[in-house]
Novice: 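Below: one structure in C-alpha cells.
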Amino acid sequence: MSPIKDTGILTKAVSELSDSKSYQGLFHQHKEGEPLPSGKKLRRIVELARAILFPGYFGNSTIHSQTITYHIGVSVEELFSLLTEQIEAGLCFGEENNGLPDNTPCRETAAGLAARFIGRLPEMRRILATDVEAAYYGDPAATCFGEIICCYPVIRAVTNYRIAHELYLLDIPLIPRIITEMAHSETGIDIHPGAQIGDHFTIDHGTGVVIGATCIIGNNVKLYQGVTLGAKSFPLDEHGNPIKGIPRHPILEDNVIVYSNATILGRITIGKGATIGGNIWVTESVPAGARIVQRK
C-alpha cells in the first residue's frame, strides 16, 4: 500500500476516534494537576501497609525489635504522604463522576482521611492476626505462621481486602476497588471492598473465589477454592437498569464452612455452624447446623 493511502487510513482513524460519540462514557477529562489515582503508587501503598502490618515479612528485612519503631515511623510517613495524594485524586474523580458541584476536594480533606485510615492500622493488624491463625489451624499442611504470611494467597488477598474495606468505609471513590482488583490479579481471589467479613476468616487454596459487594460473613468462616457468593438476580428500575446498592448477596453466619466450587446466590442466610458441600447450587436459606451435600 502506498504512503499516500496509508496516510488516508490514519487520518480517517484519527477522525473517527476523535468523534465525541465514539468515546462517550469512556473518556476522563483531567483537570489541571488532578490525574486519576496511580496504579503504581497504589501498589506502593499496599506494599507499605503490608510492611507495617507484617513487619519483617514484607518491606525492610533488616528490621528488629530495637529498630521497629523507627522503621514503622518511616513507613507510616511515606504511607501518609502517598495516601493523601491518591485520596485527593480519588475524591476529584468521584466528584466528577457523581455530578456534584465543582468544589474541588482540598488536600486537607484528603490528609484527614489518610490519617483516619492510618489510625485503623492497629485494628487491621489485630484482625489479620486472627486470619493467619485460621489459615494455620485450618490446614494440616501448614508448618508455621511465617509460611502462612509469606506463601498463602488468602493472606495477600484478605490484607488487600481489609485495607480496601477501611478506605471504602471512608467513602473514598475508585481506590478501594483498584486495591482489591490488584489482589484479584495476584491471587485469583475476588473480594469486593464493600463486603463485611468477620475475624478468623480463611480461604483454602483460594483460586476462583468470588465474594460480592453486599455479602456479610461472620466469624470463623472457611471457604474453599471456587466458591461463589453472588447475586441471584438484578432488580431493574423503570428504565430497565439494575438498581444499585440493594442487598443481593448471601449472609454467612459464624462457623460456616463452604467447600470447593459451591455457588451460593441471593440474599439468603447460611445459618451458624452450617456446612455446604462441594459443587452445590444454593439459592435458599440454610438453617443453623445443617449439612448440605450432593445426593448420591
Novice: Nearest 0.5 Å, please: how far is CG in Leu91 from OG1 in Thr109?
Specialist: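 Reported to 0.5 Å precision, the distance equals 7.5 Å.
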Novice: Among the clusters formed by ILVMFWY side chains lying less than 4.5 Å apart, do Val210 and Ile189 turn up in the same one?
Specialist: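 No.
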Novice: Provide the closest heavy-atom pair for Pro55 versus Ile63 in the form atom of the first, atom of the second, distance.
Specialist: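 Closest approach of Pro55 to Ile63: CB-CD1, 4.0 Å.
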Novice: Shortest non-hydrogen contact from Pro193 to Thr180?
Specialist: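 Residues Pro193 and Thr180, closest heavy atoms: CD-OG1, 3.5 Å.
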Novice: So how far is it from Ile264 CD1 to Thr269 OG1, rounded to the nearest 0.5 Å?
Specialist: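 Between Ile264 CD1 and Thr269 OG1, I get 11.0 Å after rounding to 0.5 Å.
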Novice: Are Met124 and Ile45 linked, directly or through intermediate hydrophobic residues, by side-chain heavy-atom contacts shorter than 4.5 Å (ILVMFWY only)?
Specialist: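 Same cluster.
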Novice: Quick one: which residue pairs count as a ring pair (Phe, Tyr, Trp, His ring centres under 6.0 Å) with a foot in residues 130-152, not counting sequence neighbours?
Specialist: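 For residues 130-152, and leaving out neighbouring residues, the ring pair (Phe, Tyr, Trp, His ring centres under 6.0 Å) pairs sorted by first residue read Tyr136-Phe145.
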Novice: If I compare all heavy atoms of Asn219 with all of Asp254, which pair ends up nearest, and what's the gap?
Specialist: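 Here Asn219 and Asp254 meet closest at N-OD1, 2.8 Å.
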Novice: Indicate yes or no: at least one non-hydrogen side-chain atom of Thr187 is less than 4.5 angstrom from one of Asn160.
Specialist: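 The answer is no, as the side chains (C-beta and beyond) never meet within the 4.5 Å cut-off.
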Novice: Do Ile216 and Phe201 belong to the same hydrophobic cluster, where Ile, Leu, Val, Met, Phe, Trp and Tyr are linked whenever their side-chain heavy atoms lie under 4.5 Å apart, directly or via other members?
Specialist: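 Shared cluster, no.
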Novice: Test side chain to side chain contact (heavy atoms under 4.5 Å, CB included) on Ile251 and Gln196; report intermediate values, then the result.
Specialist: CA-CA 9 Å; Ile251 298 170; Gln196 300 175 47; over 6 Å; no
Novice: What distance separates His71 NE2 from Asn60 CG, expressed to the nearest 0.5 Å?
Specialist: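 Output value for this atom pair is 4.5 Å.
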Novice: Is there a side-chain contact between Lys244 and Asp237, using heavy atoms and a 4.5 Å cut-off?
Specialist: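 Heavy-atom side-chain distance check fails, nothing below 4.5 Å.
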Novice: Is it true that a side-chain atom of Arg248 and a backbone atom of Gly212 form a donor plus acceptor pair closer than 3.5 Å?
Specialist: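 No: the side chain of Arg248 does not pair with the backbone of Gly212.
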Novice: Would you say the side chain of Asp139 lies within less than 4.5 Å of the side chain of Asp204, judging by non-hydrogen atoms?
Specialist: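 Yes, close enough: below the 4.5 Å cut-off.
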Novice: Kindly write out the residues that satisfy side chain to side chain contact (heavy atoms under 4.5 Å, CB included) with Glu85, not counting sequence neighbours, or none if the list is empty.
Specialist: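 Applying side chain to side chain contact (heavy atoms under 4.5 Å, CB included) to Glu85 gives Lys41, Arg107.
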Novice: Could you tell me whether the side chain of Thr130 reaches within less than 4.5 Å of the side chain of Ile127, counting heavy atoms only?
Specialist: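 Yes, their side chains come closer than 4.5 Å.
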Novice: Could I get the full list of ring-ring contact (aromatic ring centres under 6.0 Å, His included) partners for Phe80, not counting sequence neighbours?
Specialist: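 Applying ring-ring contact (aromatic ring centres under 6.0 Å, His included) to Phe80 gives none.
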Novice: Would you name the heavy atoms of Leu170 and Leu113 that are closest together and state the gap between them?
Specialist: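 Residues Leu170 and Leu113, closest heavy atoms: CD1-O, 3.6 Å.
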Novice: Set out, in order, the CA-CA distance, both residues' side-chain angles and the distance that settles side chain to side chain contact (heavy atoms under 4.5 Å, CB included) for Val282 and Val258, then state yes or no.
Specialist: CA-CA 11 Å; Val282 181; Val258 185; over 6 Å; no
Novice: Should we count CZ of Arg291 as having more than 12 external heavy atoms under 6.0 Å?
Specialist: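 No.
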Novice: Mark yes or no for whether Ser260, through its side chain, and Tyr224, through its backbone, hold a donor-acceptor pair below 3.5 Å.
Specialist: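 No: the side chain of Ser260 does not pair with the backbone of Tyr224.
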Novice: Answer whether the closest heavy-atom distance between the side chains of Val256 and Val286 falls below 4.5 Å.
Specialist: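 With C-beta onward as the side chain, the pair stays apart.
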Novice: Check side chain to side chain contact (heavy atoms under 4.5 Å, CB included) between Glu186 and all other residues, then give those that pass, not counting sequence neighbours.
Specialist: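 Side chain to side chain contact (heavy atoms under 4.5 Å, CB included) list for Glu186, sorted by chain: Arg50, Arg156.
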Novice: Verify, without hydrogens or angle tests, whether Arg125 (side chain) and Ile52 (backbone) share a donor-acceptor contact under 3.5 angstrom.
Specialist: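 At least one qualifying donor-acceptor pair exists.
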Novice: Between Gln86 and Ile172, does a side chain to side chain contact (heavy atoms under 4.5 Å, CB included) hold up when you go through it step by step?
Specialist: CA-CA 10 Å; Gln86 293 305 297; Ile172 295 167; over 6 Å; no
Novice: Testing the basics here: between Ala110 and Glu88, what is the closest heavy-atom pair and its distance to 0.1 Å?
Specialist: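 Closest pair (atom of Ala110, atom of Glu88, distance): CB-N, 3.7 Å.
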Novice: Under a single-linkage definition using a 4.5 Å side-chain heavy-atom cutoff for Ile, Leu, Val, Met, Phe, Trp and Tyr, are Tyr259 and Ile203 assigned to the same hydrophobic cluster?
Specialist: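 No, because Tyr259 and Ile203 fall into different hydrophobic clusters, even though each may have its own neighbours under 4.5 Å.
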Novice: So, Arg120 side chain and Leu167 main chain: donor-acceptor pair closer than 3.5 Å or not?
Specialist: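 No, because the side chain of Arg120 does not come within donor-acceptor range (under 3.5 Å) of the backbone of Leu167.
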Novice: Donor-acceptor pair, Gln294 side chain versus Gly277 backbone, under 3.5 Å?
Specialist: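 Side chain of Gln294 to backbone of Gly277, a donor-acceptor pair under 3.5 Å: no, none is there.
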Novice: Just verifying a value: how many Å separate Ile179 CD1 and Glu166 CD, rounded to the nearest 0.5 Å?
Specialist: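 Answer for the CD1-CD pair, Ile179 versus Glu166, is 11.5 Å.
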Novice: For Glu77 and Val74: C-alpha separation, side-chain torsions, deciding distance, then whether side chain to side chain contact (heavy atoms under 4.5 Å, CB included) applies.
Specialist: CA-CA 5 Å; Glu77 185 176 7; Val74 169; 5.5 Å; no
Novice: Between Thr228 (side chain) and Gly230 (backbone), is there a donor-acceptor pair under 3.5 Å?
Specialist: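 No.
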Novice: Using the rule that two of Ile, Leu, Val, Met, Phe, Trp, Tyr join whenever any of their side-chain heavy atoms come within less than 4.5 Å, decide whether Tyr168 and Met182 are in one cluster.
Specialist: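 No, separate clusters.
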Novice: What residues form a side chain to side chain contact (heavy atoms under 4.5 Å, CB included) with Phe54, not counting sequence neighbours?
Specialist: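 In terms of side chain to side chain contact (heavy atoms under 4.5 Å, CB included), with neighbours along the sequence ignored, Phe54 is linked to Tyr57, Phe58, Leu128, Val132, Ile149, Ile155, Thr159.
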Novice: Is a donor on one side and an acceptor on the other found under 3.5 Å between the side chain of His165 and the backbone of Ala195?
Specialist: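 It does hold such a pair.
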Novice: Kindly compute the distance separating CD1 (Ile276) from CD1 (Ile257), expressed to the nearest 0.5 Å.
Specialist: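 If we round to the nearest 0.5 Å, Ile276:CD1 and Ile257:CD1 are 10.5 Å apart.
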Novice: Keeping the roles fixed (side chain from Glu253, backbone from Lys272), state whether a donor-acceptor pair exists under 3.5 Å.
Specialist: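 At least one qualifying donor-acceptor pair exists.
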Novice: Does any N or O in the side chain of Asn261 come within less than 3.5 Å of the main-chain N or O of Gly278, such that one atom is a donor and the other an acceptor?
Specialist: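 Side chain of Asn261 to backbone of Gly278, a donor-acceptor pair under 3.5 Å: no, none is there.
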Novice: List the residues meeting side-chain hydrogen bond (donor to acceptor under 3.5 Å, both in side chains) with His184, not counting sequence neighbours, and say none if there are none.
Specialist: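 His184 satisfies side-chain hydrogen bond (donor to acceptor under 3.5 Å, both in side chains) with Glu181 once adjacent residues are dropped.
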Novice: Indicate yes or no: at least one non-hydrogen side-chain atom of Leu236 is less than 4.5 angstrom from one of Pro242.
Specialist: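 Yes. Closest side-chain heavy atoms under 4.5 Å.
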Novice: Given side chains that start at C-beta, do those of Asn220 and His200 come closer than 4.5 Å, heavy atoms only?
Specialist: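 Yes, close enough: below the 4.5 Å cut-off.
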Novice: Distance check, rounded to the nearest 0.5 Å: Ile268 atom CD1 versus Leu229 atom CG?
Specialist: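 Rounded to the nearest 0.5 Å, the CD1-CG separation comes to 9.5 Å.
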Novice: Hey, does the side chain of His192 reach the backbone of Gly194 with a donor-acceptor pair shorter than 3.5 angstrom?
Specialist: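 It does hold such a pair.
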Novice: State, to 0.1 Å, how close Asp131 and Val158 come at their nearest heavy-atom pair, and which atoms those are.
Specialist: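 Looks like OD2-CG1, 3.3 Å.
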Novice: Is any side-chain heavy atom of Leu223 less than 4.5 Å from a side-chain heavy atom of Ile211?
Specialist: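 Yes - at least one pair of side-chain heavy atoms lies under 4.5 Å apart.
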